[in-house]
Amino acid sequence: ALYVVPVGQNPCGTTLAPERYREVYDICAQERIVILEDDAYFYQQHNACDAGGDGDDAGVAGVRGLAPTSFLRLDASGIVLRLDSFSKVVAPGFRLGWVTGPRRFVEAYDRLAYVSSQNGCSLS
């Protein structure tokens, strides 16, 4: 499997270039490699317009300025499991997230998450 953080990659906060999504996806599809797309920072993007001042709204992506694609959006082979989260945006201690992908991946993830997080506290 290929684990990738396409938006807000630590430690530099870089974002995967739009053309690289297709290149990476095509290689993984050809080689039958599953892509785990961890996009916890998706809703915290900015458009890297750092030339403007701090009060310049053009530097904030807003919903329309968010990354143009995701691996899940390109997925025609059923090889992508996308992980999203509200914990970075709404409440960092409230570990609320969701997965999106082919049913077989989501069901396997659900079973694994169930046995690995029983009796855990949702607030940390």
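Side chains are part of it too, since the values below use all heavy atoms of this structure and drop only hydrogens, waters and symmetry mates. In this text, all values refer to a predicted model and were calculated from it rather than measured experimentally.
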Subject >> Residue from Val80, Leu81, Ile35 passing side-chain contact (heavy atoms from CB on, under 4.5 Å) with Asp75 >> reply: Val80
Original post:
Do Tyr3 and Val34 share a hydrophobic cluster (ILVMFWY, side-chain heavy atoms under 4.5 Å, transitive)?
Top reply: yes
Subject >> Salt-bridge contact Arg82-Asp84 (side-chain N to carboxylate O under 4.0 Å) >> reply: yes
Original post:
Quick one: does Leu16's side chain get under 4.5 Å of Phe71's, heavy atoms only?
Top reply: yes
**OP:** Report yes if the side chains of Tyr109 and Leu83 come closer than 4.5 Å at any heavy-atom pair, otherwise no.
**Re:** yes
Original post:
SG of Cys28 to CD of Glu23: how many Å apart, nearest 0.5 Å?
Top reply: 12.0 Å
Subject >> Test side-chain contact (heavy atoms from CB on, under 4.5 Å) applied to Ala17 - qualifying residues, sequence neighbours left out >> reply: Glu19, Arg20
Subject >> Results of side chain to side chain donor-acceptor pair (under 3.5 Å) for Thr100 - residues two or more places apart only >> reply: none
Original post:
Linking I/L/V/M/F/W/Y whenever any side-chain heavy atoms sit under 4.5 Å apart, do Ile27 and Leu74 land together?
Top reply: no
Original post:
How many angstroms lie between CD1 in Ile79 and CZ in Arg32, if you round to the nearest 0.5 Å?
Top reply: 10.0 Å
**OP:** Could you list the residues that satisfy salt bridge (charged side-chain N to carboxylate O under 4.0 Å, His left out) with Arg103, not counting sequence neighbours?
**Re:** Glu107
**OP:** Drop me the distance from Asp110's CG to Phe105's CZ, to the nearest 0.5 angstrom.
**Re:** 15.0 Å
**OP:** Check whether any side-chain heavy atom of Trp98 lies under 4.5 Å from a side-chain heavy atom of Ser85, and answer yes or no.
**Re:** no
Subject >> pair Asp38-Val4: side-chain heavy atoms closer than 4.5 Å >> reply: no
Original post:
Rounded to the nearest 0.5 Å, what separation is found between the CD atom of Glu37 and the OH atom of Tyr21?
Top reply: 6.0 Å
